[in-house]
Amino acid sequence: MNNRLYGNLIFELSRKGRKGYSLPKADYSYSTSDLPQNLLRQNDAALPECDELTVVRHYTNLSHNNFGVNDGFYPLGSCTMKYNPVINEEIASLKDFAGLHPLQPADTCQWALNIYYDLQKALSELTGLSEFTLNPCAGAHGELTGLMVIRAYHQSRNDNERVNVIIPDSAHGTNPASAAVCGLHIIEVKSLADGTVDVESLKALIQEHGTSIAAMMMTNPNTVGMFERQIPEIAKLIHDCGGLMYYDGANLNPMLGVARPGDMGFDVMHINLHKTFSTPHGGGGPGCGPVGVREGLEQFLPTPHVAFNEKTNAFVVEYAPSSDSMSLGSIGNFFGNFGVVLKAYSYILSLGKENIKMVGPLSTLNANYIKESLKDLYELPINGSCKHEFVFDGLKDKSTGVTTMDIAKRLLDYGYHAPTIYFPLLFHEAMMIEPTESESKETIDDFIRVMRAIADEAKNDPELVKTAPHNTPIGRVDDVLAAKHPVLTFKQIANDGN
Ligand SMILES: *Cc1c(COP(=O)(O)O)cnc(C)c1O
C-alpha cells in the first residue's frame, strides 16, 4: 500500500527551497539582539523543505501503514476495540464544548455541567452505585482513585491496620500496580481450573490476614471471560472481615443491561469510558476512568464534583469546601478528559435506554459463536459459556511448531488485527479474542474462515505461517532488539546539495 515515491521519512523528500506555506507579513519588527545570545542557534535547524501536496501525500501514505478499527476487525481481548461512531467526535469538537475553560464560572457553562452531571447519573443507573466521579483520566487512574477512597474510608474509622489487598492471579496487571502505588500490599489469590476465584484459598487467606484486609479487587467477567459465579459468597466473606469489594469494570461491555456491580455487593468500581463507551483508545489516551461508590462512601470522592442545586435550579461545581472535608481533593487535571465524557454521553444517547441493553447479550453471543466455531482446531483450555471474550491456548495440533505469535502475524496478511496474545499469563500460548457487539455476522464468519485457513496452513505449509507477515509494509520485527536498542533518530542524508 505504501507509495515509495512519497518516502518513509519526510526528510528524504526535502529539496532546498521548496515551500508549502506562506506567512503574512509581520506587523512588528524584532531583532535577535533582543534575545540572550547564548540561546541563539548557531546554524539553521535542519528542517525538511517540501511542497504542500508532497506533505499531504506523505502523511496520508504513512497513515495507511497503520491498522485501526475503521480498517478492519480488531478482536483485541481485554481492550474492547469497538466501533467509534463519528457523531461522538463531532459532538466533542463543537466549539461550545472544545472552547471551555476549566476555571470558567459555573453560570457561564451550565450546558456542559448538565452533561457532566447526567453522565455521572447514567453511570450510577447502569452500575447500581450511588455516586460517580468522572475525574480520573484512565482505568489505572480510576483504580488508584478507588483504592484511595477505600483507604480514606478505613482511616476515617481509625482502622489504620488495613494495608492488604487481595487480587486474583488472573487480574489485569494494573490492579497490583495501582495497589502498590496506593501504598498497599498485594496478596494473590489463586484461580481454579475454570479461571474463577478459588473460594477455598480465599477463605484461608482471610483466616490468615483478616483484620489487615483493606479490599478485594475483582474483575467480572474475569480476564478469561468467565462470569464469577461466587460473588455473593466472596462479597460476604470480605465484608464480614471488614474489607471492601472493588470491581474492575474496565470492560463492562457484557454487563450492560444485564447485571450491575452495585447489586452484586461491590462498594467501589471504575469503568473505562475508552473501552465500554466507544471512545477510541490506544497509544496512551486520552481516556477516562470514572469511579463509582455505594451509598455511604460519596464524601470520599475527589473534587471538583458536579452537583445539582435544587434551590437555585442550577448545576454547581463543588470543590473540597473546608479542611474537615472527607474528599480526596484533586486527583488530576480539574474535571479529567471532558472530550471523552462527551463521546461516552453521545454514545449512550445514540443507543438509548433499550438498545444499550443489547450490548451485553450481543457481545456475548458474538464471542461464543467464534469460540464454538473454532474450538475443534484451537485449544480451548476453559470450555464453557464465556461472556464477551475467551482465551485459546494456541493451535490444538501442537506438532506443527506454529506458535500464537506466528498466527497473530499471519492474521495481518489476511487484513485482520491480531487478538491479544500471551495474556493472560495463565496459559503459554494465550490468544484472547473479543469481537464486541458491533461486528456483523459476515465479518465474524470471515474471521472464522481465516482462522481455519491459518490452522490449515500451519499443518500443510508451516513455514508460510512462521515467516509471516508477507504483505505488510514492515515484516516481522525483532521485538527484543527494537525494545533494547531502539533507533530513535534519523541521520540526515544530504540530497539537496549541502
Ligand atoms: C484496560 C484495563 C485496565 C486499565 O485501563 P487503562 O485505561 O489502560 O489504564 C484495567 N483493568 C482491565 C481489566 C483492563 O482491561
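Whatever order the structure lists them in is the order used to number ligands and atoms, beginning at 1.
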| message | Out of all atoms in ligand 1, which are within 4.0 Å of some heavy atom of His274? Include the element for each. | response | 7 (O)
| field | Ionic contact status for Arg452 with Asp376, cut-off 4.0 Å | value | yes
| request: Could you tell me whether ligand 1 has any atom less than 4.0 Å away from a heavy atom of His281? | output: no
| said: Angle between ring planes, Phe300 versus Tyr153, binned at 30° and 60°: parallel, tilted or perpendicular? | reply: perpendicular
| field | Backbone or side-chain N or O of Cys79 under 3.5 Å from ligand 1 N or O | value | no
| message | With nothing but distance in play, are any N or O atoms of His270 less than 3.5 Å from an N or O of ligand 1? | response | no
| Which ligand 1 atoms does Glu143 reach within 4.0 Å, using its non-hydrogen atoms? | 10 (C), 11 (N)
| Should Arg449 and Asp446 count as an ion pair when the cut-off is N to O under 4.0 Å? | yes
| Which atoms of ligand 1 sit under 4.0 Å from any heavy atom of Ala138? | 7 (O), 9 (O)
| task | Starting from atom 6 (P) of ligand 1, locate the nearest protein heavy atom and write down its residue, its atom name and how far away it is, to 0.1 Å. | result | Gly139 N, 3.4 Å
| So which protein heavy atom does atom 9 (O) of ligand 1 come closest to, and at what separation? | Ala140 N, 2.8 Å
| field | Which residue and heavy atom of the protein sit nearest atom 11 (N) of ligand 1, plus the separation | value | Asp248 OD2, 2.6 Å
| field | Nearest neighbour in protein (non-hydrogen) for atom 14 (C) of ligand 1 | value | Lys275 NZ, 2.9 Å
| said: Just so I know, are the side chains of Phe334 and Leu103 near enough to count as touching, which here means a heavy-atom distance under 4.5 Å? | reply: yes
| query | Using 30° and 60° as the class limits, which term best fits the ring planes of Tyr116 and Phe338: parallel, tilted or perpendicular? | reply | tilted
| Does a salt bridge link Lys409 with Asp406, judged by any charged N lying under 4.0 Å from a carboxylate O? | no
| His141 heavy atom under 4.0 Å from ligand 1 | no
| query | Out of curiosity, is Gly289 lining ligand 1, as in a heavy atom under 4.0 Å away? | reply | no
| message | Looking at Lys236 and Glu233, is any side-chain nitrogen of the basic one under 4.0 Å from a carboxylate oxygen of the acidic one? | response | no
| field | Protein contact of atom 5 (O) of ligand 1 - nearest heavy atom, named by residue and atom, plus distance | value | Asn272 ND2, 3.0 Å
| Minimum side-chain heavy-atom gap His281-Met81 below 4.5 Å | yes
| note | Near Asn251 (heavy-atom distance under 4.0 Å), the atoms of ligand 1 are 13 (C), 15 (O)
| said: Quick check: Thr219 and ligand 1, any N/O pair under 3.5 Å apart? | reply: no
| query | So, are Lys387 and Glu389 salt-bridged, with charged N and O less than 4.0 Å apart? | reply | no
| Would you say Glu228 and Met218 make side-chain contact, with heavy atoms under 4.5 Å? | yes
